[in-house]
Undergrad: 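The structure is given below, and queries will be raised subsequently.
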Amino acid sequence: MKIDADWLRNRDAQMVCTMLSGAGHQAWFVGGCVRNALLGAAVGDLDLCTDAYPETVMGLAKAAGLRVVPTGIDHGTVTVIVGGQPFEVTTFRRDVATDGRRAVVAYADDMETDAQRRDFTMNALYAAPDGTVADPLGGLPDLRARRVRFIDDAGQRIREDYLRILRFFRFHAWYGDPDAGIDADGLAACADHIEGIARQSRERIGHEMRKLLAAPDPAPAVAAMAACGALAQVLPGASASLLAVLMHVEHKAGLSPDWQRRMMVLGGETDRLRLTKAEQRQLSVLQTAAASDHTAGPLGYRYGAETALSALALRAAMTTSLIDPTDRAEADRGAAQVFPLTAADLQPDLQGAALGKALRSAEANWIASGFARGRADMLPKR
């Protein structure tokens, strides 16, 4: 089987492959780029693996006049930069010891050993520079069935790195078959090891949850998380009951995926996610907007069209209704409005608190008029 993808014909990628193969070493694309190419999904990073040791890769890159950075050399990874594009090149590895968060690795000489240390069968697929696919662990049938399955013993894979519990649900949301449901053995293993999530850093947990909730439809995966106890580990107090309703609202309204909107409908405490201050502010603004009694136009004016539509979607999910088809245009119209009065228009007659009160009153009346009142209508008669 071969992959036919534009990135395989990428001159820079082929240069890295030739750099390795020309010195007698193996060069294989691995992981997400191979998986997504076979699924017809967008491909991001191009990662390679090889039997060459990191020091050898660095020497070959320098000899070829390429920039190389020892980004993860302790774990066998260096980054070769060609034409401004980074290529992570990792030596075949095997795990020597694991503690549920980190692994001590040793170099390996063959692809099969390297594949055994990966998480899911669909991620243990390799492609040669000509596109020929190598499947050392039988991951292709799982990929074709869109079945996210742990390699060999699911419990062992999880004990090696408990973050794989969250990755299991994230990968199901993105690549799993919702009609076939989630892999039962994997779900049972997640439930058996659920306490291990608490051993992960908040940064890693937050990273996984952002990616999960950005999936086209994360509702089935999140429902499975709730059923096995994983959701309570990362979002204490959260409920998955309205997420599927929100997905229906989003679909009918043509809204793009937004992880913050989805997190808001889940509720719960976000302390374990290490959100940035900007993300915390946006969630607070969204909560305020959704709880307000503003209609679409005023919401767009006060919060912007995007936040307005997210707030309307949350309201609709809470009431098991849909967004009115006219609300998108109204939110856009509101977002484009500029209040025609300024403080200078009311000075010097009004100053201080009285000036602020008058401006707020005039703005409220202007909004209530559907933004129809002009500046002349609101200027004080003199």
Side-chain angles (χ1 to χ4, degrees), residues 31-32 34-44 118-125 138-151 154 157-158 163-191 194 197 205 207-235 238-268 310 313-314 316-318 320-323:
V34 180
R35 178 197 64 230
N36 284 21
L38 290 168
L39 289 174
V43 171
R118 297 181 182 271
D119 48 10
F120 310 118
T121 57
M122 64 170 57
N123 287 341
L125 297 171
L140 276 172
D142 286 333
L143 186 70
R144 293 190 185 103
R146 300 185 78 96
R147 179 173 53 243
V148 180
R149 187 169 64 85
F150 285 101
I151 291 170
R157 296 289 81 74
I158 290 171
L163 194 72
R164 287 173 172 171
I165 294 175
L166 299 186
R167 285 173 59 83
F168 177 68
F169 296 110
R170 193 244 293 182
F171 272 73
H172 181 70
W174 279 98
Y175 306 113
D177 180 352
D179 295 328
I182 202 162
D183 179 69
D185 291 339
L187 184 62
C190 290
I194 208 68
I197 294 176
I205 292 173
H207 177 76
E208 287 297 325
M209 288 303 294
R210 288 178 183 88
K211 286 192 170 184
L212 165 60
L213 293 177
D217 182 2
V222 174
M225 283 183 69
C228 80
L231 185 62
Q233 287 285 323
V234 297
L235 280 174
S239 170
S241 61
L242 289 178
L243 185 57
V245 181
L246 179 63
M247 294 303 96
H248 180 65
V249 171
E250 290 183 0
H251 175 71
K252 290 295 184 181
L255 298 183
S256 299
D258 183 282
W259 69 266
Q260 290 182 312
R261 182 195 308 133
R262 285 131 178 224
M263 186 171 290
M264 184 63 67
V265 86
L266 292 175
S310 285
L314 288 168
M318 296 290 185
T320 60
S321 58
L322 296 175
I323 297 176

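Note that the coordinates shown come from a computational prediction; the quantities given were computed from them, not determined experimentally. Along the sequence shown, residues carry numbers from 1.
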Undergrad: Would you say the side chain of Leu140 lies within less than 4.5 Å of the side chain of Leu125, judging by non-hydrogen atoms?
TA: yes
Undergrad: If every non-hydrogen atom of Val222 is compared with every non-hydrogen atom of Ala240, which pair is closest and at what distance?
TA: CG1-CB, 3.9 Å
Undergrad: Among pairs that include at least one residue of residues 220-234, which meet side chain to side chain donor-acceptor pair (under 3.5 Å), considering only residues two or more places apart or in two chains?
TA: none
Undergrad: Donor-acceptor pair, Trp174 side chain versus Phe169 backbone, under 3.5 Å?
TA: no
Undergrad: Once rounded to the nearest 0.5 Å, what's the spacing between atom CG of Leu266 and atom CG of Leu243?
TA: 5.0 Å
Undergrad: Do Cys190 and Ile158 come close enough that some side-chain heavy atom pair is under 4.5 Å?
TA: yes
Undergrad: Hey, are Arg157 and Asp119 close enough for a salt bridge, meaning a charged N less than 4.0 Å from a carboxylate O?
TA: no
Undergrad: With sequence neighbours excluded, what pairs up with Leu242 under the side-chain contact (heavy atoms from CB on, under 4.5 Å) test?
TA: Val245, Val265, Met318
Undergrad: Compare all side-chain heavy atoms of Leu166 with those of Arg170 and state whether any distance is below 4.5 angstrom.
TA: no
Undergrad: For Ala124, enumerate each residue passing the side-chain contact (heavy atoms from CB on, under 4.5 Å) test, keeping only those at least two apart in sequence or located in another chain.
TA: Ala115, Arg118, Leu137, Ile151
Undergrad: Do the rings of Phe120 and Phe171 sit parallel, tilted or perpendicular, given the 30° and 60° boundaries?
TA: tilted
Undergrad: Filter on salt bridge (Lys or Arg N to Asp or Glu O under 4.0 Å), then keep only pairs touching residues 178-187, sequence neighbours left out; what's left?
TA: none
Undergrad: Run the side-chain contact (heavy atoms from CB on, under 4.5 Å) test against Val43 and tell me which residues pass, sequence neighbours left out.
TA: Trp7, Cys33, Asn36, Ala37, Leu46
Undergrad: Going by the side chain to side chain donor-acceptor pair (under 3.5 Å) test, which pairs reach into residues 243-253, not counting sequence neighbours?
TA: Glu250-Arg261, Glu250-Arg262
Undergrad: When rounded to the nearest 0.5 angstrom, what distance separates CZ in Arg147 from NE2 in His172?
TA: 12.0 Å
Undergrad: Side chains of Glu208 and Ile165: closer than 4.5 Å at any heavy-atom pair?
TA: no
